[in-house]
K.L.:
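Let me give you the structure first, and then I'll get to my questions.
By convention in this document, chain letters (A, B, ...) are assigned in the order of the sequence lines, proteins followed by strands, and residues within each chain are numbered from 1.
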Amino acid sequence: MDKVVSLEKAMEALHDNQTILIPGFVNIGVPETLIKGIIDKGCKNLNIISNNTSVRGRGIGLLVHENRIRHITCSHIGSNTETVEKVVAGEIDVTFVPQGTLCERVRAGGAGIGGVLTPVGIGTPVEEGKQIIELDGKKYLLEKALRGDVAIIHAWKADRMGNLVYRRTARNFNQIFATAADIVICEAEEIVEVGALDPDMIHTPGCLVDMIVKA
Amino acid sequence: MDKVVSLEKAMEALHDNQTILIPGFVNIGVPETLIKGIIDKGCKNLNIISNNTSVRGRGIGLLVHENRIRHITCSHIGSNTETVEKVVAGEIDVTFVPQGTLCERVRAGGAGIGGVLTPVGIGTPVEEGKQIIELDGKKYLLEKALRGDVAIIHAWKADRMGNLVYRRTARNFNQIFATAADIVICEAEEIVEVGALDPDMIHTPGCLVDMIVKA
Amino acid sequence: MTDMTLQGRELIAYRTARFFKDGDLVNLGIGMPTMCLNFLPEGVDIWIDSENGVIGLTGAPKEDEEFDPNVVDAAGAVSLLRPGGCCFDSFTSFGLIRGGHVAVTVLGAYEVDQEGNLANWTVPGKTVAGMGGAMDLVSGARTVIVMTEHCDKTGKPKILKKCRLPLTAAGEVDYIVTELCVLHRTAEGLVLEELAPGVTVEEVISKTEAELIIPETIRSMI
Amino acid sequence: MTDMTLQGRELIAYRTARFFKDGDLVNLGIGMPTMCLNFLPEGVDIWIDSENGVIGLTGAPKEDEEFDPNVVDAAGAVSLLRPGGCCFDSFTSFGLIRGGHVAVTVLGAYEVDQEGNLANWTVPGKTVAGMGGAMDLVSGARTVIVMTEHCDKTGKPKILKKCRLPLTAAGEVDYIVTELCVLHRTAEGLVLEELAPGVTVEEVISKTEAELIIPETIRSMI
């Protein structure tokens, strides 16, 4: 099962109006090769789930700049002033989710969990419209699972069947985002042969990855 | 912060009536050195959270044989015929939890999550006494977080500040059990110097581990 | 491999293995389900998922093969791990299972019924082993196949209108493969899709408590 | 390090750093909280937790020091990683944070109140950055320390009876450290535990909207 494909082939899975999971913290661990592929293909009206939107003109910021995003679900946009401008101007809708809750919701979506109870957000605007459940005298918000049509991710090393290793803080949201979409496309800095990675040191099992592109 | 201690020192944290998390799948990844320490110290009337009870006369089976266990929360006891005998004879109480639900509950306990919604167990005896929550037309059981007073775990390699690496399928429940107890004691097959482990290949961060004993 | 003389458990394993597609992640229950590995169709390379946190086990080492005692299967038996295999913790393992990342799970049954209910973990008053990972597997795998002898040892039907034993999961079974037939659980009910060589519709009906839907065309299991 | 002339933000950082114990896992917010690193007490070696999935960052590399561009802090700036540090994914990172494994988190405030409520993420109509990881950190860390100038730039109190801005978390703040004093949030209310050199109880009261409990003995911040 050799999953290595061309960027063009991988982009056949991308379409207008999709919900796309894109990892990255500020601009580290962002799949910029695949983002450029999306821009070149012309996909628009996208619904993005990410932690933030990189920085102006880089990573997810390219999608912001090219006006391809309809809505973003994220924890923070402060690192990209262009995103802030477009949100203020009403050109992009944004839903803010606490960063840990974003992790929980996407992990739940990838792991067949319907939702989790978190104390985070109790007493804050995050409560709005959500069910509050009290357990043993403590209040929790019921936060529902979240999934994407496609996840595009960035790995340091990938073997040809999709086993992945991430590098340092570039791991961030890649590991969970790879679990929670119908199609998972990974760009890798280095592609190695099957068997080259230590079985204990694989961060994402190959069974989760559908296509691999050289970053 | 050198956390390496003698077995005797580590056992000062163990007492009668405690709830103890003990990982292991059948008899792999079981902290047998620490279990023997508990037996030698004489702790009894223990409440054990584990996946199973190893096999007759090994691992958790030693605690079964020595009658130190009052109650077990686990997914399976079939691998240890002595446990089955004692449960049938009413000498040990058992609460069965589906294996994935056990993972979720302990992970929730270690991660500040009050509970999770899982479809597993709907329509089965596992439902009994639990809240059922319907989301988007699908039914889920609310499964509550679970924690221990102490977790005893088994690692392949530990550095002196408690960063851990597990070996192959001996990882099993060690990684999550290390997050969900007030005190975490690890036995390690090999103890290495701080800095000897690759930061990307550490399975359990040292901040979770209180004491390390040579296995 | 299309040996028309295949019978009993071998026939069941042979037919079940035909559900696997190349590259599938497959979880095989302990016992009869592992027999499927002896009957994989040509060109179909599957990856074995083991609930204890490993993908890619290939079975017991031969007498003089090197092995790692830390690599065991879901029965606790030492196994070899193929190149490309990987290990992870139990939490991740059951995330994969419950999250629909396992293509096919194959299990045995005490009872299975026309609503797709399965009972295979406890007989009250007789067994106290616990459910292990069975409930998660049946709830989570994309396709659930029950392989079972059509009747129990006393000749009583195991395929029922409604399970009487405590369930493992409700409404999750997709296919039932026995030495007599293949039944497909659809929204309309249990469809008799295939028959073993020499077996008649009447024989299946007489040995089945569940109501069956009999289509115009019924294929052969082999 | 017990320089009695310390003032303003340096005094706040100096005092805040005295809450750390040797071996503590500490999360420092971007900006003023990172100043604490310049005032660590002797014999206190802390481990820095960064929400983006790393423990053990030590700060920016010097001009000719080698670095890995994949090692960044919570502001996205390249940092060095000390021996014994480790990296993990964001899900694990926030599990550690929310699960009470971070001993101390230090953050700034727009407003903080006598019930331990904190507002530091949004001013409706003015900022649209989002809360990032702040809500998780304030809810989850074992000890929450707010370091802030006692009043805002226009001289208005920031320590209120009740926050008016949208909250970051409710009832989670343990200590407030300002250039004037240290306030301890207890079940009874906000206790004035320490004063900066030369500052009087009256001065603190006049610059604070919150009701304060004034104990018989008040220590010095230095």
K.L.:
Determine, for Glu104(B) against Arg107(A), whether the closest basic-nitrogen to carboxylate-oxygen distance falls under 4.0 angstrom.
P.N.:
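Counted as a salt bridge, because a side-chain N and a carboxylate O are separated by less than 4.0 Å.
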K.L.:
Are the side chains of Cys74(A) and Ile49(A) in contact, using a 4.5 Å heavy-atom criterion?
P.N.:
no
K.L.:
Do you know the tightest heavy-atom contact between Trp156(B) and Tyr166(B)?
P.N.:
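That closest heavy-atom pairing would be CB-C, 4.0 Å.
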K.L.:
Below 4.5 Å, heavy atoms only, C-beta onward: do Lys144(A) and Asp136(B) meet side chain to side chain?
P.N.:
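Yes; the side chains approach each other to less than 4.5 Å.
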K.L.:
Who among Val120(A), Leu135(A), Val165(A) has the most heavy-atom pairs with chain B under 4.5 Å?
P.N.:
Leu135(A)
K.L.:
CD of Glu134(B): more than 12 outside heavy atoms within 6.0 angstrom?
P.N.:
yes
K.L.:
Any side-chain heavy atom of Lys3(A) sitting closer than 4.5 Å to one from Arg160(A)?
P.N.:
no
K.L.:
Which residues in residues 167-184 of chain B have any heavy atom lying under 4.5 Å from a heavy atom of chain A?
P.N.:
Arg167(B), Arg168(B), Arg171(B)
K.L.:
Tell me, for Lys138(B) versus chain A, whether the close heavy atoms (under 4.5 Å) come from the side chain, the backbone, both or neither.
P.N.:
neither
K.L.:
Measure the CG-CG distance between Leu117(A) and Leu141(A) for me, rounded to the nearest 0.5 Å.
P.N.:
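Reported to 0.5 Å precision, the distance equals 9.0 Å.
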K.L.:
Do Asn52(A) and Ser75(A) touch side chain to side chain, with heavy atoms closer than 4.5 Å?
P.N.:
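No; the side chains remain at least 4.5 Å from each other.
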K.L.:
Of all heavy-atom pairs between Leu102(A) and Ser50(A), which one has the smallest distance, and what is that distance?
P.N.:
CD2-O, 3.4 Å
K.L.:
Verify the neighbour count for atom NZ of Lys44(B): are there more than 12 heavy atoms of other residues, nucleotides or ligands below 6.0 Å?
P.N.:
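Atom NZ in Lys44(B) is not packed in, count stays at 12 or less.
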K.L.:
Just wondering, do Leu46(A) and His71(A) contact through their side chains at under 4.5 Å, heavy atoms?
P.N.:
no
K.L.:
Is the backbone of Cys43(B) close enough, under 3.5 Å, to the side chain of Arg68(B) for a donor and an acceptor to pair up by distance?
P.N.:
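Yes.
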K.L.:
Please determine whether the number of non-hydrogen atoms from other residues, nucleotides or ligands lying under 6.0 Å from atom NZ of Lys139(B) exceeds 12.
P.N.:
no
K.L.:
A side-chain contact here means heavy atoms from C-beta on lying under 4.5 Å apart; do Tyr140(A) and Ile113(B) qualify?
P.N.:
no
K.L.:
What verdict does the side-chain contact (heavy atoms from CB on, under 4.5 Å) test give for Ile48(A) and Thr73(A), after you've listed the backbone C-alpha separation in whole Å, the side-chain angles of each residue and the deciding distance to 0.1 Å?
P.N.:
CA-CA 6 Å; Ile48(A) 302 297; Thr73(A) 301; over 6 Å; no
K.L.:
How about residues 188-204 of chain A versus chain B: which residues have heavy atoms under 4.5 Å apart?
P.N.:
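Within residues 188-204 of chain A, the residues that come under 4.5 Å of chain B (heavy atoms only) are Asp198(A), Pro199(A), Asp200(A), Met201(A), His203(A).
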K.L.:
Before you tell me yes or no, could you show the steps for Ile72(B) and Thr53(B) under side-chain contact (heavy atoms from CB on, under 4.5 Å), namely the whole-Å CA-CA distance, both residues' side-chain angles and the distance that decides it to 0.1 Å?
P.N.:
CA-CA 9 Å; Ile72(B) 310 174; Thr53(B) 54; 3.6 Å; yes
K.L.:
Less than 4.5 Å apart, any side-chain heavy atom of Arg105(B) and any of Val97(B)?
P.N.:
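A side-chain contact under 4.5 Å exists here.
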K.L.:
Considering only heavy atoms, give the residues of residues 205-215 of chain B separated from chain A by less than 4.5 Å, sorted numerically, with 'none' for an empty result.
P.N.:
none
K.L.:
Which of residues 13-36 of chain A get closer than 4.5 angstrom to chain B, counting heavy atoms alone?
P.N.:
none
